[in-house]
Amino acid sequence: MKNPNIIIKKKLIVILFAIMIALAGLCIRIFYIQYFQAEFLQSLAFEQQTRDRLIKPNRGAIFDRNMVGMALTETVASVSVINSQIREPERVARILSEMLELDYDYVLEKVQRRLALERIQTRVDRDIANQIAALNLAGVVIDEDIRRIYPYSTLASQVIGFVGRDNQGIIGLEAKFEGFLRGESGRILTETDVIGREVAGGQRERVAPIDGYSIVTTIDVVVQLYAEQILEKAVEFKSAQRGTIIIMNPQNGEIYAMANKPDFNLNDPFSINDEELRGSWATFTAEEQNRLLNQMWRNFSINDTYEPGSTFKIITSAAGFEEGIITPETMFVCTGAHMVGDRLIRCWRYPRSHGALNFAEAVQNSCNPVFMMVAEKLGTEMFFNYLDRFGIDDRTGIDLPGEAVAIMHSLDNVGPVELATMSFGQSFQITPLQLMRSVSAVVNGGYMITPHFVKKAIDSDGNIVERFENPRGEQIISAETSRIMAEILEDVVYVGTGHRTYIPGYRIGGKTATSEKLPRRSGKYISSFLTFAPAENPTVMALMLVDEPQGVYYGGAVVGPFMRELLMNILPYLGVEPMYNDEELELPWVRDAVIPDVLGVTVNEANRLVREAGLVPQVFGDGENVREQFPRPGEAVNSGSRVKIYTTF
């Protein structure tokens, strides 16, 4: 029989050993918590003992090339509630719903939610926020907030884009340059007790937000306004579906203006712009509404493709000159149609013909058979080689999201008929901007360029943060070919199909086009006109398209007069000086109206001054005084021109 003392001692040793192991484990655990979890647990404690409220940063502005603000940020406020601090929820809900013009039940539901912080409304005007703050309602918190505003409302809407409720860019430059514009949020840290109430005399810390950078674009607000005014007039006059104008420097790719009609209000981008659709908007499903909104936001200039028609003859011509198979004097005979394989392809003048003419005259008269013959001489492989050189099948590299690519035949599928129709701009599709980029190389000495909008990003002090470089690309045709093409295209405007755009004193080159839409024989066309000036060294290129004009649809007839009006206004503004020849000096060529200065005056007074100057006032907004006007005071324009008067943003 074992000694009881020995048994007891053994049990005590086991117990002691277990206690030592437990103590050792506890020490290890304490060491682990102290040295490996201290930072994590401290952050949890800090989170539990503080309330964190975000402060939105100022979003960077979007400026035009002259530092005119096209997208700006103004300081407003947000109104929130802290449930644990509210003493009279019904009274708070009633006051907030009345002052913020919200539904009472909606506000009461938010007030009663047991959350650390519940946002009632963002982007509240400072005056209203100050009135709420003056009531000293327990549990009601007023914080800094920002609101994006667009001073010109619809100006370049598809280009500039807009922001959502979270101030994040959705389309256009707002989305593309989100990383520069958005900035970093700040915070307000407040010490609280276990149920979320602020501790009297507790610590309070404010971490300032970091404002976003602003971007300076190549857009010129004045040129953009001219483009939109004239495009709106053209689309309305021809009862067209839509239209677009792009104005660019063909030497460096800087885009002065890109206008699309219809457009939309950037300050209210989720309201459909079609009055008929607006009346039945509630009947559409959410999916249908999104589709219609996305359609409204589309930028026709880069998001959609079309058959360029006769403007593409510029590329075919340049290839023919570069390969030496034609000269301006090379003779052709137009019989009104041209047999390609087993298919007779007509000239636009059929059943009449152009007869015998040299190549320069063929361009002036836009004779289709001549370009089919040039393409035949080039051959399919060489023709496609030039398409590749001119980047027809590539994106332009424009600094906007969503650029479309060309819809092009593959080389293996191109027979004689496809080659013939491609020579005059049919049976394939490109974007309007792709066409401009290619034609820029034809007339600027032969160099490819990258169309672009943004020049630089700057901080709040105007210091350059980043400069966006878009150097010239390779030379794809000779300077001699470029010179010849510019001269021939100048004659198109002087005596050819583009004569309606001729302006005495200005050497303007260009090419008209009339593209029949698919399906053929539908009676639907796109009328277009591409111009550049001065012809000998172009610094301004403009492309205008009118989609589905009613009545007369030929490019020169439809677009020519409007293009003339556009160039008459923008060329002097952009520094292109007239140089009259002897014949032109005899013309009674005067501008007989000067824009009056109506900034700051009442709308009635502005209307009177504009009419007295022989002009037509057009008022936007319901304010009492004029905040902005276009054209600018002192500009010389034609009598009867419109003056846009803006009273509100």
| query | Donor-acceptor pair, Arg507 side chain versus Ala535 backbone, under 3.5 Å? | reply | no

| field | Check: Asp263 main-chain N/O paired with Gln158 side-chain donor or acceptor under 3.5 Å | value | no

| said: Give me each pair satisfying ring pair (Phe, Tyr, Trp, His ring centres under 6.0 Å) with a member in residues 303-334, each pair once, sequence neighbours excluded. | reply: Phe312-Phe428, Phe321-Phe359

| message | Looking at every heavy atom in both Ala441 and Ile477, which two are closest together, and how far apart are they? | response | O-CD1, 3.8 Å

| query | In chain order, what residues pass the salt bridge (Lys or Arg N to Asp or Glu O under 4.0 Å) check against Lys313, with sequence neighbours excluded? | reply | none

| side chain to side chain donor-acceptor pair (under 3.5 Å), paired with Gln251, selected from Thr539, Asn444, Asn537 | Asn537

| said: If I compare all heavy atoms of Val363 with all of Ser317, which pair ends up nearest, and what's the gap? | reply: CG2-OG, 4.1 Å

| request: List in chain and number order the residues that pass side chain to side chain contact (heavy atoms under 4.5 Å, CB included) with Thr512, two or more places apart in sequence or in another chain; answer none if no residue qualifies. | output: Thr497, Phe529

| field | Residue pairs fulfilling salt bridge (charged side-chain N to carboxylate O under 4.0 Å, His left out) with at least one residue in residues 413-425, sequence neighbours excluded | value | none

| Among Leu530, Ile526, Val558, side-chain contact (heavy atoms from CB on, under 4.5 Å) partner for Leu545 | Ile526

| message | Salt bridge or not between Glu487 and Arg483? Use side-chain N to carboxylate O under 4.0 Å. | response | yes

| Any residue meeting side chain to side chain donor-acceptor pair (under 3.5 Å) with Glu635, in chain and number order, not counting sequence neighbours | Tyr226

| task | Quick one: which residue pairs count as a ring pair (Phe, Tyr, Trp, His ring centres under 6.0 Å) with a foot in residues 392-424, not counting sequence neighbours? | result | none

| Counting distance only, does the side-chain N/O of Gln429 pair as donor-acceptor with the main-chain N or O of Ser427 below 3.5 Å? | no

| Heavy-atom pair with the smallest gap, counting every atom of Val222 and Arg632 | CG2-NE, 3.8 Å

| message | Quick one: does any side-chain atom of Thr218 pair with a main-chain N or O of His452 as donor and acceptor, under 3.5 Å? | response | yes

| field | Short side-chain to backbone donor-acceptor contact, Ser528 and Met544, under 3.5 Å | value | no

| remark: Phe390 and Ser438 have their tightest heavy-atom pair at O-OG, 2.9 Å

| Side-chain donor or acceptor of Asn66 paired with backbone N/O of Val68 under 3.5 Å | no

| task | State, with a plain yes or no, whether a side-chain heavy atom of Met436 is found less than 4.5 Å away from one of Pro451. | result | no

| request: For Glu323 and Tyr386, test the side chains for any donor-to-acceptor distance below 3.5 angstrom and give the result as yes or no. | output: yes

